[in-house]
Amino acid sequence: MTIECPSALPRRSLLKIGRTSVAAAAVLPFVSPARAVAGPTVITNLRPIPAQAAILGADKAKTAVLAYNGTVSGPVVTMHQGVPFRSRVVNGIDQNTTVHWHGIRLPNAMDGVPYLTQPPIRPGAAFQYAFTPPDAGTFWYHPHDHTAHQMGRGMAGALIVKEPEPPAFDQDLLWVLQDWAFEPNDQFVPGFDTPMEAAMSGRIGSVVTINGSVPEPIKVRAGERLRVRLVNACLARFVALRFPGHRVTIIALDGQPCHPFAPPAGSVIIAPAQRVDLQLDTIGEPGLDYPVVDDFYGRRATYRLVTLAYTRQPPKLRSLPALPIILPPNPVPKPDLSNPVRHHLTIVGGMMSMGMTADGKPAPVWGIKDGRRTNDGMAPIFSIPFGRTALLTLENHTSFWHPMHLHGYSYQVLSRNGVREPYPHLRDTVIVRPKDIVDIAFVANNPGNWMFHCHVIEHQENGLMTVINVA
Ligand code: C2O
Ligand code: CU
Ligand code: CU
């Protein structure tokens with residue numbers, strides 16, 4: 001694997017990339033030939049650098065951040081389903097880094113996990129990512145080295161894979177949610193990943209932003225169907241969004257189209273790293289303002305995330321169709337549950353199991369157990385034979401919520417606490433609440449060493465992660 005790549009790729013490496021993806025396509029029936037679009041490679045290069053960002057708005061001091069191409073959130077990386085993509089990442093910060101393309105079912109060598117799938121990108125060095133996204137939908141990207149420090153200071157961005165035929169929404173909106181803890185001087189509270197934050201729920205900031213700044217009211221017109229792509233790029237904050245006065249339908253989860261459904265009790269819950277695509281019908285009155293509210297942490301912590309400000313224009317459509325727009329399905333293979341490979345994984349640790357650091361301070365210990373075997377760094381906790389269906393039971397023995405993420409796959413969520421999910425749906429990150437037992441399944445058709453971890457970054461970095469091998 002070449003680490004240093006010249007910016008203009010010589011013919012030889014282009015050919016090599018071509019051959020790699022052909023080989024990968026032969027093993028992985030990701031993109032059906034009918035769906036594959038012959039198109040020129042899409043290129044978005046990324047360069048994380050120290051920068052200054054107006055997160056708190058124009059009238060406040062700028063904040064020192066780390067940011068892809070200098071912007072918080074990072075540039076929206078747009079790909080096209082079935083069309084090759086390439087990104088040369090040049091490390092402009094003074095720490096090792098990588099880019100992980102969260103939720104994309106890509107070849108293992110492109111997954112961006114340092115020491116597991118690639119060497120870290122050292123300061124000043126570069127790495128070339130190249131893959132073809134098999135699924136259309138809403139994804140995101142972030143570093144996988146020093147994640148709390150780098151993502152916590154701004155390194156995260158949305159990744160949108162476009163459908164070959166654009167679905168018929170009036171508007172396609174993207175809201176990347178991030179939260180921040182500020183000092184009175186408008187700079188971040190230092191010390192990311194402290195033992196206390198790691199032992200509890202992680203760093204939960206007091207300012208929540210949309211696309212990198214404190215949101216201004218968003219202008220909408222009555223009588224429209226909006227697609228709202230919600231990305232939770234927070235280190236640790238969960239959200240539960242309400243859209244009073246609106247008709248809201250969930251149409252995709254973690255990038256994968258689902259059977260459309262109304263959010264249970266009107267609340268759209270999104271854990272760190274999860275995405276939700278909504279169809280939002282603007283059935284409000286022209287000229288009025290409607291709040292979007294987040295009440296995940298209870299009544300006293302409820303706040304207005306943003307305001308939907310209706311223009312005075314008459315409704316574009318007097319009455320919107322009752323049926324939602326159905327997104328085209330992605331080519332994810334269906335698990336064969338007749339004879340799966342089963343594993344029972346227990347999530348352990350937290351506040352009650354503080355260990356000791358080298359200098360004798362208390363440190364949190366999180367872990368994942370497969371039967372009696374405990375996770376051990378980057379060593380695979382088990383291996384699944386290529387092509388088999390894996391059925392994993394996730395059981396939470398801690399008193400915290402954990403969004404559990406598997407790299408390289410979209411898995412089906414089968415049941416929670418013995419209750420079948422009303423509609424089978426795909427996820428790459430599933431919430432496992434205290435005492436929950438969640439069954440997930442997937443066809444192990446993507447070989448390699450894949451990380452499986454909690455996406456509360458402070459939990460991940462303190463042991464709540466393991467590796468699952470497919471071979
Ligand atoms: Cu966004 Cu290892 O994950
Ligand atoms: Cu991931
Ligand atoms: Cu966790």
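We count ligands from 1, going down the list as the structure has it; atoms in each ligand are counted the same way. Bear in mind that the values here come from a model prediction, so they are computed numbers and not experimental data. Atoms considered below: every heavy atom in the structure, side chains included; atoms not considered: hydrogens, waters and symmetry mates.
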Self-check item: Pair H144, H407: side-chain N/O donor-acceptor within cut-off below 3.5 Å
Solution: yes
Quiz item: Quick one: do the Q150 and T97 side chains pair a donor with an acceptor below 3.5 Å?
Solution: yes
Practice problem: Check the side chains of D145 and N96 for a donor-acceptor pair under 3.5 angstrom, ignoring hydrogens and angles. | Solution: no
Quiz item: Does the cation-pi check pass for R237 over F296, that is, NZ or CZ under 6.0 Å from the six-membered ring centre and within 45° of its axis?
Solution: no
Practice problem: Report yes if the distance between the aromatic ring centroids of W140 and H455 is under 6.0 Å, otherwise no. | Solution: yes
Self-check item: Neighbouring protein N, O or S atoms of atom 1 (Cu) of ligand 1 [cut-off: under 2.8 Å, no waters]
Solution: H102 ND1, H142 NE2, H455 NE2
Practice problem: Please assess Q118 against T98 for the test side chain to side chain contact (heavy atoms under 4.5 Å, CB included), listing each intermediate value before the final yes or no. | Solution: CA-CA 9 Å; Q118 68 168 89; T98 60; 3.7 Å; yes
Self-check item: Closer than 2.8 Å to the Cu ion (ligand 3) - protein N, O or S atoms, ordered by chain and residue number
Solution: H402 ND1, C454 SG, H459 ND1
Self-check item: Under the side-chain hydrogen bond (donor to acceptor under 3.5 Å, both in side chains) test, residues paired with Y297 that sit two or more places apart
Solution: none
Self-check item: Those residues that, when tested against R47, pass side-chain hydrogen bond (donor to acceptor under 3.5 Å, both in side chains) (two or more places apart)
Solution: none
Quiz item: Taking the six-membered ring where the residue is Trp, are the ring centres of W101 and Y129 under 6.0 Å apart?
Solution: yes
